[in-house]
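In this text the structure is predicted, and so the values were computed from the model without any measurement.
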Amino acid sequence: NLCRDTDSVPPRMAELVGAARASLLARHVLAEPCVRPRARVVPFAGRRSKQPRWGYATMAIAMVGSGLAHGTRRNKSALGAVAVSAATREVKAGDEIYVTYEGRLEDGTVFDSRKGKEPLCFTVGTGQVVPGFDKAVRGLKVGEKKTVTIPAEDAYGQRSDAMIMTIPAAQVPAGLEEGMQIMLGDPSQKIPGKVKQILSDGSAMLDMNHPLAGKDLSFDIELVSFREVVKGMDLIGWNGQTLKVPFAIANSPVSEALKEPKWPEKWPYTAADFRRQDESDDQGFYNAPRFVTHIDKDAIDSIRNFYALQFAEAPQGEYSVLDICSSWISHYPEDLKAKRVAITGMVEEELAANKQATEHAVADLNKNPKLPYGDGEFDFVTNVVSMDYLVKPQEVFQEMHRVLKPGGVAIMSFSNRCFFTKAIGMWVADMSDGPGHCQIVGNYFHFNPGAGWKDIQSVDISKTPQSNPMWVVTAVKA
């Protein structure tokens with residue numbers, strides 16, 4: 001349960017979500033900030049002029065770093081693409097497309113640009129971009145350029161006094177300061193905003209107007225290509241058997257990240273790479289049980305189906321599984337046929353509620369990475385969306401290797417969601433960099449222990465571009 005995403009923050013829980021807003025397209029064209037770069041979004045136009053509907057009892061504030069993000073590798077982690085060469089094809093609703101653009105204010109100031117950089121990829125007609133941008137790309141052909149001015153009504157709407165609100169001192173998270181960017185909302189919807197003022201009584205005045213509200217925006221847009229997804233991959237699974245994954249995205253950069261790996265000559269990381277914004281005791285942060293899921297249903301379905309394929313290779317009713325950094329749910333198949341299901345995690349109440357577990361042990365792997373099991377006890381070791389929190393990955397991966405049987409498989413999965421305060425610095429540097437994160441986990445395997453793992457592979461099993469991404473790195477014990 002080390003992973004805590006922005007959708008499951010309990011009341012008054014704050015998270016520092018890193019350098020997220022100013023120059024990223026997710027802030028300027030996309031309808032939500034880049035905290036969830038590939039999550040399904042609702043057009044901002046649909047809620048921009050309404051006062052937030054949440055009562056304080058369900059309010060969550062996430063503080064955003066005041067630094068500006070400098071570019072994004074958002075599309076490196078998107079589904080793979082094959083350019084469609086038909087010169088006559090025109091963009092229509094439902095198409096997934098790559099575009100470059102430059103966005104300007106009325107005075108000519110460039111507020112964002114993808115010229116000379118990786119194109120933006122989005123699905124037309126799904127609310128991933130503001131309405132005016134979505135309309136502008138329709139009818140374009142590959143290579144065609146267009147300049148369009150989008151009025152505020154089709155961008156982020158007019159500024160509204162109804163979007164200025166005050167929250168009482170009791171609801172203000174520690175460390176909240178004037179000028180901070182925030183995320184405000186409940187599990188179903190979030191809105192970006194800014195701390196306008198901290199009042200003398202400790203209450204906070206928030207401006208929930210979008211930074212570009214009331215502004216007409218001009219864009220130079222070029223359609224680079226259409227995107228087509230290629231499904232189906234062969235992986236190496238339990239005991240070296242070939243595993244067919246029909247829903248894997250074969251041409252995703254994530255799936256290609258470790259096909260021809262270039263391993264560093266020596267361990268490439270320093271202590272600075274594992275520093276966190278919040279270095280306080282993890283026990284205090286995770287102490288209260290949270291019976292929530294941290295990825296959306298599509299992502300859960302994807303990893304559950306992937307587990308089903310992996311586990312099917314082992315003798316049914318005889319194999320054993322260990323889930324580390326676990327919680328009240330392990331995302332295993334509902335018809336799990338394992339003889340033994342051991343789980344470790346931070347919170348006793350959550351672990352005890354896991355109905356698939358045959359045993360559990362409370363363990364803080366950042367304090368003591370020693371796993372409480374003997375050598376060669378498990379056929380599979382799994383972890384879901386907690387890689388980004390490990391400050392001692394060398395020891396943890398050596399321990400996973402120790403407790404696995406020869407030919408056993410380690411399955412490490414992750415997405416683009418976390419509590420930034422507790423995630424390691426090199427991971428949160430770009431939460432959307434799926435291939436880069438695969439390389440990090442691949443390096444963990446490669447060096448810990450040296451020559452201890454074989455068939456280190458990465459695979460993108462994300463269900464749709466609107467779903468939370470689901471990226472996986474697997475390795476077989478040599």
For residues [X] and [Y], is any side-chain donor paired with an opposing acceptor at under 3.5 Å?
| X | Y | value |
| --- | --- | --- |
| Asp278 | Thr421 | no |
| Thr382 | Asp323 | yes |
| Asn354 | Glu350 | no |
| Asn443 | Trp263 | no |

Which residue is it: Leu258, Ile440, Ile411, Val254? I am looking for the one with a side-chain contact (heavy atoms from CB on, under 4.5 Å) to Val473. Leu258

Given Ser302, Pro469, Pro435, Ser255, the one that forms side-chain contact (heavy atoms from CB on, under 4.5 Å) with Asp460: Ser255

[atom2] on [Y] to [atom1] on [X], rounded to 0.5 Å:
| X | Y | atom1 | atom2 | answer |
| --- | --- | --- | --- | --- |
| His294 | Asn468 | NE2 | CG | 12.0 Å |
| Thr358 | Ile343 | OG1 | CD1 | 9.0 Å |
| Leu235 | Met233 | CG | CE | 5.0 Å |
| Ser330 | Leu322 | OG | CG | 9.5 Å |
| Phe291 | Trp328 | CZ | CH2 | 8.5 Å |

Examine distances only and state if a side-chain atom of [X] and a backbone atom of [Y] form a donor-acceptor pair shorter than 3.5 Å.
| X | Y | value |
| --- | --- | --- |
| Ser413 | Val472 | no |
| Glu349 | Pro289 | no |
| Lys477 | Leu404 | yes |
| Asp364 | Asn366 | yes |
| Thr123 | Thr126 | no |
| Asn251 | Glu228 | yes |
| Asp298 | Lys463 | no |
| His437 | Asp430 | yes |
| His331 | Arg304 | no |
| Gln356 | Pro333 | yes |

Tyr286 side chain near Lys422 side chain, heavy-atom distance below 4.5 Å: yes

Ser386 vs Met412 side-chain heavy atoms within contact, under 4.5 Å: no

Return yes when atom [atom1] of [X] has more than 12 non-hydrogen atoms of other residues, nucleotides or ligands closer than 6.0 Å, and no otherwise.
| X | atom1 | value |
| --- | --- | --- |
| Glu279 | CD | yes |
| Lys259 | NZ | yes |
| Lys196 | NZ | no |
| Lys115 | NZ | yes |

In sequence, state the C-alpha distance, the side-chain angles, and the governing distance for Arg275 and Asp273, and then conclude on salt bridge (charged side-chain N to carboxylate O under 4.0 Å, His left out). CA-CA 6 Å; Arg275 289 180 186 145; Asp273 294 314; over 6 Å; no

Intermediate values then yes/no, salt bridge (charged side-chain N to carboxylate O under 4.0 Å, His left out), Asp282 and Lys367: CA-CA 9 Å; Asp282 290 340; Lys367 276 189 176 180; over 6 Å; no

Between Lys194 and Asp207 (salt bridge meaning N to carboxylate O under 4.0 Å), is one present in this structure? no

Start with the C-alpha gap between Glu395 and Lys392, add the side-chain angles, then the distance that decides, and say whether salt bridge (charged side-chain N to carboxylate O under 4.0 Å, His left out) holds. CA-CA 6 Å; Glu395 295 90 334; Lys392 297 179 179 179; 5.8 Å; no

Is the centre of the Phe311 ring less than 6.0 Å from the centre of the Tyr332 ring? yes

Just checking Tyr319 against Phe378, ring centres under 6.0 Å apart? no

Please report the C-alpha distance between Glu377 and Arg340 in whole Å, then the side-chain angles of each, then the deciding distance to 0.1 Å, and finally whether the salt bridge (charged side-chain N to carboxylate O under 4.0 Å, His left out) criterion is met. CA-CA 10 Å; Glu377 291 191 16; Arg340 180 187 183 191; 2.7 Å; yes

When Trp427 is tested against each of Phe414, Tyr389, Phe419, Tyr269 for ring pair (Phe, Tyr, Trp, His ring centres under 6.0 Å), which residue passes? Phe414

